[in-house]
There are 2 protein chains.
Amino acid sequence: MDRTYTITELAREFGITTRTIRFYEDRQLLQPTREGTKRVYSRGDRTRLKLVLRGKRLGWPLDEIREMINMYDPHGGEVLQLTTMIEKLKANRDTLLQQQRDIQQSLSELDQLERNCLDQLASMTPSPLAAANS
Amino acid sequence: MDRTYTITELAREFGITTRTIRFYEDRQLLQPTREGTKRVYSRGDRTRLKLVLRGKRLGWPLDEIREMINMYDPHGGEVLQLTTMIEKLKANRDTLLQQQRDIQQSLSELDQLERNCLDQLASMTPSPLAAANS
DNA sequence: CACAAGGTTGACGTTAACGTAAACGTCATC
DNA sequence: GATGACGTTTACGTTAACGTCAACCTTGTG
């Protein structure tokens, strides 16, 4: 039930290198326990790593990802002032909403562009002769 | 009707430095004309810059942004093979859709978290005495 | 026991995306 | 004619996010 993972398992599962995982630890994004000298990752660690990668896909710097994650998961020590936290949540949401709008725009422009391409392709392929109509 | 812009105008409008704009030119994202030695930016250049910044907000590297933009705006020379182009569009859309999912997840988790915070706040503020109930 | 597979800690290298500074040109204006 | 606002190029500095060794420990397995 409380499964654990080795560093290479996680690396393989998420398609990253062990170096990257250790780097994230150095940057305080993960803090696995040890069994002797070896790192042991819990389910929670795995989840945190997943969140890190999601943040990365959205282009966030590791520092902000760490703040983000620590809010989601107070993991013991630092219980932020609630109001401060709500402030940050708001800022975070604004960023996300902006990204959402950006994506929406990009997608619709991309659709438009693709339609043009397909049309143009369609007007070329049916008959080679059509190409002569310049 | 065919308004033009100076480098500092654009910098101020978009909240970036002139250094950044020149850097984008160096990386082939912009190619303004010259009036003597000075750069002159057209409406199209301004639009391209806007697209660049949008890409940045989504965390894309400048190289991909350039490819993206060049697809949107063949601007003369390089007419890509249509099929190649459609391939790239597809890949691009996949990335965008992934980002969209990531954002959706993030937003909903964030909402959940905020609700918790607000609840907790609500249970504290009404009466200071309530805090004694540990 | 040898040794291969996986783990560890340094420490230096690399790339992207600018920042920062130097050294200079060009006007309008005081 | 000096000053200041705005522009230019060239070049080195910086930060983030890893990659790439090297040199070493620790196990189970044939």
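Here is the naming used below: chain letters follow the sequence lines, and residue numbers restart at 1 for every chain. Everything numeric here is computed off the predicted structure, so don't read it as measured data.
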*For D:dC18, does either OP1 or OP2 sit under 4.0 Å from a side-chain N or O belonging to A:K56?*
yes
*asked:* Given C:dG7, C:dC18, D:dC18, identify the nucleotide with an atom nearest to the side chain of A:T6.
replied: C:dG7
*Without hydrogens or angle criteria, can the side chains of A:S108 and A:D111 be said to hold a donor-acceptor pair below 3.5 Å?*
no
_Which atom of B:Y5 lies closest to which atom of B:E9, heavy atoms considered_ = CA-OE1, 3.2 Å
*Hey, does the side chain of A:Y24 come within less than 4.0 Å of D:dA17's phosphate (OP1/OP2), counting only N and O?*
no
*Enumerate the residue pairs fulfilling salt bridge (charged side-chain N to carboxylate O under 4.0 Å, His left out) with a member in residues 11-23 of chain A, sequence neighbours excluded, ordered by first and then second residue.*
A:E13-A:R46
*Can you tell me how far P of D:dA17 sits from CZ of A:R66, to the nearest Å?*
10 Å
*Closer to the 5' end of DNA chain D via nearest nucleotide, is it A:F23 or B:Y41?*
B:Y41
*Atom pair distance, as rounded to whole Å: CD in A:E35 and P in D:dT27*: 10 Å
*May I have the distance from B:K38 (atom NZ) to C:dC27 (atom P), rounded to whole angstrom?*
7 Å
_Could you tell me how far apart A:R27 (CZ) and D:dA17 (P) are, to the nearest whole angstrom?_
6 Å
*Please give, in whole Å, the distance from C:dA16 P to B:Q28 CD?*
14 Å
*Whole-Å gap separating C1' (D:dT8) and CD1 (B:I21)*: 14 Å
_Just so I know, are the side chains of B:M68 and B:L51 near enough to count as touching, which here means a heavy-atom distance under 4.5 Å?_
no
*Please state how far atom CG in B:L53 lies from atom C1' in C:dC18, giving the value in whole angstrom units.*
13 Å
*Considering the options B:T95, B:D102, B:D94, which one meets the side chain to side chain donor-acceptor pair (under 3.5 Å) requirement together with B:Q98?*
B:D102
*Identify the two heavy atoms, one from B:S106 and one from A:L58, that lie closest to each other, and give their separation to 0.1 Å.*
OG-CD1, 4.3 Å
*Quick one: A:L49 CG to D:dA17 C1', roughly how many Å, whole number?*
15 Å
*asked:* So if I take every side-chain heavy atom of A:I7 and compare against D:dG7, C:dT8, C:dA17, which nucleotide ends up nearest?
replied: C:dT8
*asked:* Does D:dG7 have OP1 or OP2 under 4.0 Å away from a side-chain N or O of B:T18?
replied: no
_Per A:T8 side chain, nearest of listed nucleotides C:dG19, D:dG7, C:dG7_ = C:dG7
_Walk along nucleotides 9-15 of chain D from 5' to 3' and tag each nucleotide B, S or - by protein heavy-atom contact under 4.0 Å, base first, then sugar-phosphate._
B-B----
Atom pairs and distances, side-chain donor-acceptor, residues 32-39 of chain B, under 3.5 Å, sequence neighbours left out:
{"from": "B:T33", "atom 1": "OG1", "to": "B:V40", "atom 2": "O", "distance (Å)": "3.4"}
{"from": "B:R34", "atom 1": "NH1", "to": "B:T37", "atom 2": "O", "distance (Å)": "2.9"}
{"from": "B:R39", "atom 1": "NE", "to": "B:E25", "atom 2": "OE1", "distance (Å)": "2.6"}

_Go nucleotide by nucleotide along DNA chain D from the 5' end; which of A:L62 and B:V40 gets its closest nucleotide reached first?_
B:V40
*Report yes if a side-chain nitrogen or oxygen of A:T17 is closer than 4.0 Å to either non-bridging phosphate oxygen (OP1 or OP2) of D:dC18; otherwise report no.*
no
